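Both backbone and side-chain heavy atoms feed into the values below; hydrogens, waters and symmetry mates do not. Keep in mind it's a predicted model, so treat the numbers as computed, not measured. FYI, the numbering just counts along the sequence from 1.
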Amino acid sequence: MTQSKRESLPIRKTFLQSGRGKTTIPGPLATFVSAHDQRGLDAYLIVHALASAKPWNCDYPSGTYVRALDLGSDAEPASARSAVSKVMGRLEDRGLVKRSRSGRISSITLLREDGSGQPYDHPHDQGETWLQLPYSYWTKGWYKKLSLPAKALLLVALSRPDGFVLPAERGPAWYGISPDSTERGLRELANHGILDYGQGWTKNQRSETGWIEQRQYRLLGDFSAGARKALSAKSKRSRTPSDQGSAS
């Protein structure tokens, strides 16, 4: 991501979910998890990171994505290029990108993260909230180390404040992620030292006391709230006006 002046990738929270309370519905992230499409999620995050300025597109030969997705080690060149085309086609089908070509160069243009097919613009320009995915996700190799459930739950955790609660049984309604995948993702993040948790009390009207004890999670290291705040402050000195603003 050396061509970008940013320190982190801004992703609208509508990629994860939209609505509030009883009207909450899962976002496009759920389709990657339910389809076991880890390669698709990897490709989407890479495209989103590369398309870091207006007109929000990236023009590269297919070989660039072959290397980024590590497709060249176990496939013939033609097969690897075909795999890139298929994965980008899935992103297009989900309404997250649009594709065009100029000779051997593929142009991938971002669309809005909610899968609506609408043109992309920076969430700050529309007064919307977003999460920050630090570029250390790539530079420190987490994109290779983490499973699909862990990657999905990392994005969820990045969208939540310290001390957030996420009962596994809420995974389907809130994010379209099964209880099993929710538990696996959170456990894997904790095992890698990315996530920590403790017991805390939260309000619950169904409890006799009005409170229940639940796990409360917080991210650690490069993904912690403090580290992301520092990245945001550092990046403001080199961002374009449309990149400015506060992330959640």
Side-chain angles (χ1 to χ4, degrees), residues 6-34 37 40-49 51-52 56 91 94-97 110-137 142-143 146 148-168 170-178 181-182 185-186 189 194-195 216-219 222-229 231-232 235-236 239 242-248:
R6 301 183 308 194
E7 299 285 344
S8 61
L9 169 60
I11 305 174
R12 275 181 174 83
K13 292 184 179 181
T14 51
F15 181 62
L16 311 181
Q17 63 176 199
S18 60
R20 295 176 66 93
K22 294 182 178 180
T23 66
T24 298
I25 59 172
L29 175 64
T31 67
F32 292 93
V33 180
S34 63
D37 190 7
L41 181 59
D42 289 343
Y44 176 64
L45 295 177
I46 288 169
V47 168
H48 206 319
S52 60
W56 312 115
L91 300 186
R94 290 181 173 112
L96 295 169
V97 304
L110 277 182
L111 300 176
R112 287 176 68 92
E113 294 96 327
D114 59 4
S116 64
Q118 295 298 309
Y120 178 82
D121 49 14
H122 196 285
H124 176 257
D125 295 342
Q126 301 299 321
E128 297 179 75
T129 57
W130 67 94
L131 63 91
Q132 294 173 282
L133 177 61
Y135 280 174
S136 57
Y137 173 77
W142 291 113
Y143 74 106
L146 299 178
L148 177 58
K151 290 174 180 178
L153 268 296
L154 175 59
L155 294 176
V156 169
L158 287 167
S159 76
R160 306 287 297 274
D162 275 352
F164 72 90
V165 173
L166 181 54
R170 292 291 190 177
W174 290 357
Y175 299 105
I177 302 174
S178 72
S181 291
T182 299
L186 291 172
L189 294 176
I194 294 175
L195 189 75
Q216 295 181 340
Y217 298 94
R218 66 186 181 99
L219 288 165
D222 292 343
F223 300 104
S224 69
R228 283 178 281 135
K229 184 176 181 180
L231 283 181
S232 181
S235 296
K236 284 183 179 180
R239 289 179 187 168
S242 64
D243 280 331
Q244 306 262 348
S246 59
S248 300

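A donor-acceptor pair under 3.5 Å links the side-chain atoms of E113 to the main chain of R12, judged by distance alone. In this structure, the side chain of S18 does not engage the main chain of T14 through any donor-acceptor pair within 3.5 Å. Looking at R112, its side chain never comes within 3.5 Å of a backbone N or O of G95 through a donor-acceptor pair.
Between Q132 atom CD and K229 atom NZ the span is 11.5 Å, to the nearest 0.5 Å. How far CG of D42 is from CD1 of I46: 6.0 Å, rounded to the nearest 0.5 Å.
At a threshold of 4.5 Å between non-hydrogen side-chain atoms, the residues L96 and V47 do not count as touching. Contact check for R228 versus L158: side-chain heavy atoms found under the 4.5 Å cut-off. Between R170 and T182, the closest side-chain pair of non-hydrogen atoms is not below 4.5 Å. A 4.5 Å side-chain heavy-atom check between V156 and W174 finds every atom pair outside the cut-off. Residues L195 and L219 have side chains in contact (heavy-atom distance under 4.5 Å, counting atoms from C-beta outward). Contact of the Y217 side chain with the L189 side chain is not registered, since no non-hydrogen atoms from C-beta on lie closer than 4.5 Å.
S159 and K13 get closest at one heavy-atom pair: O-NZ, 3.2 Å. Between D162 and A225, the shortest heavy-atom contact is OD2-CB, 4.0 Å. S181 and P149 get closest at one heavy-atom pair: O-CB, 3.6 Å. Shortest non-hydrogen contact noted between P26 and P172 is CG-O, 3.7 Å. Closest non-hydrogen pair, P10 versus H48, comes out as O-CE1, 3.2 Å.
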Please test H124 against W130 for side chain to side chain contact (heavy atoms under 4.5 Å, CB included), starting from the C-alpha separation and ending with a verdict. CA-CA 8 Å; H124 176 257; W130 67 94; 3.8 Å; yes
Trace of the side chain to side chain contact (heavy atoms under 4.5 Å, CB included) decision for L91 with F32: CA-CA 10 Å; L91 300 186; F32 292 93; 3.7 Å; yes
Where do D37 and T31 land on the side chain to side chain contact (heavy atoms under 4.5 Å, CB included) test, with the steps shown first? CA-CA 8 Å; D37 190 7; T31 67; over 6 Å; no
Evaluate L9 against Y137 for side chain to side chain contact (heavy atoms under 4.5 Å, CB included), listing each step before the verdict. CA-CA 10 Å; L9 169 60; Y137 173 77; over 6 Å; no
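Taking the six-membered ring where the residue is Trp, Y120 and W56 present perpendicular rings, their angle passing 60° and hence far from 30°.
Here the rule is side-chain contact (heavy atoms from CB on, under 4.5 Å) with Y175, and of V33, L166, L153 only L166 fits it. The only member of L155, L29, L16 that meets side-chain contact (heavy atoms from CB on, under 4.5 Å) when paired with I11 is L155.
Heavy-atom neighbours of R218 CZ from other residues, nucleotides or ligands within 6.0 Å: at or below the threshold of 12.
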